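Worksheet: the structure to be examined is printed underneath.
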Amino acid sequence: MASYDIAAIEQKWQERWEKERTFYASEAADAPKFYNLQMYPYPSGELHVGHLRNYTYVDVLTRYKKMRGFNVMSPMGWDSFGLPAENAAIETGIHPLTFTEEHIVKMTEQVRRLGAVYDWDRELAAHRPDYYRWTQWLFLQLFANDLAYKKEAAVNWCPDDQTVLANEQVVEGSCERCGATVEKRNLSQWFFAITHYGQRLLDDLATLDDWPERVRVMQENWIGRSEGASFRLPIAGHDDKSIDVYTTRPDTMFGMTFVVLAPEHPLVAELVAGTEYEAPVAEFVEQVSHETEVERMAAEGDKKGMSIGVNAINPATGDEVPIFIADYVLLSYGTGAIMAVPGQDQRDWDFAKAHDLRIVRTVQPPDDWDGEAYVGEGPAINSGFLDGLEVDDAKAKTIEWLEEQGIGEAAIQFRLRDWLISRQRYWGAPIPVIHCPDCGIVPVPEDQLPVLLPEIDDYKPEGSSPLAAAEDFINTTCPSCGTAARRDPDTMDTFVDSSWYYLRYVDASNDEAPFARDKADYWMSVDQYVGGVEHAVLHLLYSRFITKVLYDLGYVGVEEPFRALFTQGMIVKDGAKMSKSKGNVVSPDGYYEQYGADAMRLYELFIGPPTDDAVWNDRGVEGTSRFLDRVWRLGDGEVGTVSDRDETPADVEMLRLAHRTVEKVTGDIERFAFNTAVAALMEFSNGLGAYLRSEAGGRRATFDTVYDMLLRMLAPLAPHLAHELWERIGNDSMLATEPWPEWDPELTKLERVTMVVQVDGKVRDRIDVDASITEADAVALALTSARVQEYTKGNEPAKVVARPPKIVNVVTA
RNA sequence: GCCCGGGUGGCGGAACGGCAGACGCGGCGGACUUAAAAUCCGCUGCCCCUCACGGGGCGUGUGGGUUCGAAUCCCACCCCGGGCACCA
């Protein structure tokens, strides 16, 4: 138990930081800017120790960078639109607005309690009209530039949440939020044309060298660029029609023994019309359309399909090949049709086997090949003018040939789909368009924003947006022609809100524009972004896209929003991520009461490597609390003795330890190795304790110097205690605004070191030597070691490897 | 299937190719105390020899390799986590 009043100290300093506006940012500051940002949280009203890890990292960085002389901007806001508030409203009858605002108050309190400091002048919340007004403005910008469009398409439908979802929100066929199996429905929905930016989103990943490799790879996979060729296949007996196919393996064209269309492909119905295939094909299509994504994936290997009784012509061989429909070909990718080459594609192989179709190999497999489809490298065979060419050359030559024939060309495909942003839910930003029977889709004029979300009584989604039933809202007049018209009843995906909030922070109270260009120029890009890896694709990809759009439109001067990204791991308890539903949530409140915010913070930092998931240990906070108590006692003169004696080597050693610790902690914080930074400080304080308790005790001047350094280093990590101690030992200044300590390279060098002596790689002796020992002296010393001679048995060593002053290895054989 | 990470004491984890296990948790022993808490000190990878002082062997998922020297680099494999996936 601490002998000091933790609660009083915490309150005192939290009030002072706020009152003195210590951590508020200004564009006018005469220092380099540092935009420090954490992913703004959903106001769930309940912060657990897993969340606090993230808050602690960001706060440490804010405080550290400030001490390093940066003009730090660290804002806070709320991702406050979205389903939980609405679902709670349905259950409890509490209005989402009340629910949300109450949670924001509660969470603000919890965040302050940790001692986390933000520039609250910039606070924003997605659900407030002064914010979503500009989310709507953003929509209009995209609409005006043909990047937002409404289209009927087969979309993901979550039956539980009663709304559509973006592709990114479907994980293995299930709703990312609620886990329900997602269905496909043909609906008219709003999309953002993120595919227009596919290539740039991919290319610019290379510029993000302060992003985790993992995240870049995930985005790369998601964008899914592939190179190949597209070409047209003639259809026997239908000279007016052809099938467009896309392939990444044009070199295998001679091996195309059949063609497969997606069942929903528009050509299918045309080709079978009036034939005996019409009815069975219709039945097959009907059947497939009822399958969910999950069922379709579960059928992998089991290639379901049927012939449609029409042949296509392989342009390379001139042969007629049968056309099939099969559910393994997706209408949504490429052209919805493939040339099937069973010899080089396992799926085609499986299908060919199931339907007894011809297989022709066009790449020579290795001699020991005993597999089925061969997808590797090798010379072309059975391929006419391609024979003998390796895969890459054969691809190029085929494309050349397709172009000469005028039937095809090189082509690039992306897996990335346009971003579906409309939602049939209440608690979101209304889509600012009006549907006019005469003029069609008309954007709400900018000066009429925001389109306010109306108060309604029934939030329950019934397959269409609850707003559709709000007569006063939905009925309006066309801004263009004045006739009676209807507002769009849908709201925007909350990922639209979060795709630009970091730009609003730079000028959060602007009511003329979302933000001023000069402020964006000053603050952007975000220098350090911190958040969970679960947003690797969703939020981070959308934000990159929106920033690029705004760059193209001249609103910002940077193409990438987040210069450096840090993704922290989760905190795990009982083998699972902390969540209410798992019932394993650890609240910080008990720890705050018993040990205080600083001990909590230090354990959050110490718990493990910040990028990794970490297991919560109930005793951990006790450990860091013990450390803080020791620091307190050291400062309070309760440990050992201190006197004004003359300097001894022990004092110099103490000073050296302090300097080495500054070097270590600085480096560790810079590279986000907070766990080892805390460990180094513990070692330092252990050393300081031993020094004071030694027979000679501590020397006043030395102690004052090193304790000053200790407090400065603790200032970002355990700020309340560090500030209080700083004041207690007689400083007038606010520690937060003091400079970070420097280290003297002369003092971080070791003078005496333990040199390890090995014989044949095994440690046989340790000798205390001067750090500047020469190689010759090191070798000589090693060879005279009695322990070494024991092992060399007087024989001349075969070889001696010396790396003074660290190690000498005597090799006997 | 392809692409990333990662396997180190009882636990969380340290470790520029150079003393494996820093720091902390837990455990054991001791000091202080009437007692307890708190605090402080010592020990704490496994096995073996020794009354002891000491000393030896084995140890970073498994098997090979490179090197004077490998947790670290290379190859193969096993296991765990993550991403993509009937994507043509």
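To find a chain, count down the sequence lines: A is the first, B the second, and so on, and within it residues start at 1. Given the structure is predicted, the values throughout are model-derived calculations rather than measurements.
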Item to check | Output field: ring centroids F627(A)/F606(A) closer than 6.0 Å | outcome: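 Not under 6.0 Å, so no.
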Checklist entry - Can you check whether Y374(A) and W349(A) have ring centres sitting under 6.0 Å from each other? => result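 No, the ring centres sit 6.0 Å or more apart.
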Ignoring backbone atoms, test whether [X] places a side-chain nitrogen or oxygen under 4.0 Å from the OP1 or OP2 oxygen of [N].
X       : N       : answer
Y791(A) : rG56(B) : yes
R766(A) : rG18(B) : no
Y333(A) : rA88(B) : yes
K799(A) : rC68(B) : yes
R626(A) : rA38(B) : no
R803(A) : rC68(B) : no

Could you check how far [atom1] of [X] sits from [atom2] of [N], rounded to whole Å?
X       : N       : atom1 : atom2 : value
F606(A) : rC25(B) : CZ    : C1'   : 9 Å
D612(A) : rC80(B) : CG    : P     : 19 Å
R630(A) : rU39(B) : CZ    : C1'   : 10 Å
L717(A) : rG24(B) : CG    : C1'   : 16 Å
L331(A) : rC87(B) : CG    : P     : 16 Å
F414(A) : rA88(B) : CZ    : C1'   : 16 Å
I338(A) : rA88(B) : CD1   : C1'   : 5 Å
F627(A) : rC25(B) : CZ    : P     : 12 Å

Checklist entry - Does N675(A) reach the main-chain N or O of I607(A) with its side chain, forming a donor-acceptor pair under 3.5 Å? => result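 No; judged by distance alone, with no hydrogens or angles, the pair does not exist.
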Next on the checklist: Whether the side chain of D244(A) engages the backbone of T335(A) through a donor-acceptor N/O pair (distance < 3.5 Å, no angle test) should be reported.
Outcome noted: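 Pair absent, no side-chain N/O of D244(A) close to backbone of T335(A).
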Checklist entry - Is there a side chain to side chain donor-acceptor pair (under 3.5 Å) between Y328(A) and D348(A) once you walk through the steps? => result CA-CA 10 Å; Y328(A) 80 95; D348(A) 296 346; 2.8 Å; yes
Item to check | Ion pair K762(A)/D760(A), N-O distance below 4.0 Å | outcome: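 No, no charged N to carboxylate O under 4.0 Å.
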Checklist entry - Under 4.0 Å between a Lys/Arg side-chain N and an Asp/Glu carboxylate O for E604(A) and R601(A)? => result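 No, this pair does not count.
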Watson-Crick or G-U wobble partner for [N], using a 3.5 Å limit on both distances?
N       : value
rG42(B) : rC28(B)
rG18(B) : rC68(B)
rU60(B) : none
rC87(B) : none

Select base, sugar-phosphate, or nothing to describe what [X] touches, counting heavy atoms under 4.0 Å on all strands.
X       : result
R216(A) : nothing
R417(A) : nothing
F684(A) : nothing
V615(A) : nothing
D348(A) : nothing
G623(A) : sugar-phosphate

For [N] and [M], measure between their [atom1] atoms and round to the nearest Å.
N       : M       : atom1 : value
rA88(B) : rG81(B) : P     : 27 Å
rA37(B) : rC58(B) : C1'   : 42 Å
rG45(B) : rG9(B)  : P     : 13 Å
rA20(B) : rA70(B) : C1'   : 11 Å
rA38(B) : rG26(B) : P     : 10 Å
rU8(B)  : rC73(B) : P     : 16 Å
rG17(B) : rG83(B) : P     : 30 Å
rC75(B) : rU66(B) : C1'   : 11 Å

Checklist entry - Hey, which of these two, N617(A) or Q758(A), hits RNA chain B nearer its 5' end, going by closest nucleotide? => result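 Its nearest nucleotide being more 5', the pick is Q758(A).
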Next on the checklist: If you assign each of D760(A) and E683(A) to its closest nucleotide in RNA chain B, which residue comes earlier from the 5' end?
Outcome noted: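 Closer to the 5' end of RNA chain B: E683(A).
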Checklist entry - What form does the base of rG63(B) take, syn (within 90° of 0) or anti? => result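 What rG63(B) shows is an anti base, its glycosidic angle lying more than 90° from 0.
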Checklist entry - Under 4.5 Å between any side-chain heavy atoms of D777(A) and V769(A), yes or no? => result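 Not in contact.
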Out of [options], which has the shortest distance to the side chain of [X]?
X       : options                   : answer
D327(A) : rG18(B), rC86(B), rA88(B) : rC86(B)
K762(A) : rG57(B), rC23(B), rG18(B) : rG57(B)
R693(A) : rC86(B), rC40(B), rG18(B) : rC40(B)
R347(A) : rC3(B), rC87(B), rG56(B)  : rC87(B)
R633(A) : rC86(B), rG18(B), rC40(B) : rC40(B)
N686(A) : rG24(B), rG26(B), rA15(B) : rG24(B)
V801(A) : rG26(B), rC68(B), rG24(B) : rC68(B)

Next on the checklist: Could you walk me through whether R656(A) and E751(A) satisfy the salt bridge (charged side-chain N to carboxylate O under 4.0 Å, His left out) test, starting with their C-alpha distance in whole Å, then the side-chain angles of each, then the deciding distance to 0.1 Å, before giving a yes or no?
Outcome noted: CA-CA 10 Å; R656(A) 287 177 178 278; E751(A) 274 195 320; 3.5 Å; yes
Checklist entry - Can E622(A) and R626(A) be said to form a salt bridge (charged side-chain N to carboxylate O under 4.0 Å, His left out), step by step? => result CA-CA 6 Å; E622(A) 212 177 310; R626(A) 279 205 272 263; 3.6 Å; yes
Next on the checklist: Can you list, in residue-number order, the parts of residues 218-225 of chain A that come under 4.0 Å of RNA chain B, counting heavy atoms only?
Outcome noted: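 Close to the strand are M218(A), N221(A), W222(A).
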Next on the checklist: Can you say whether a donor on the side chain of R214(A) sits under 3.5 Å from an acceptor on the base of rC4(B), or the other way round?
Outcome noted: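 By the distance-only test, no, there is no pair.
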Item to check | Shortest non-hydrogen contact from V360(A) toward Q344(A) | outcome: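 So the two residues come closest at O-NE2, 4.3 Å.
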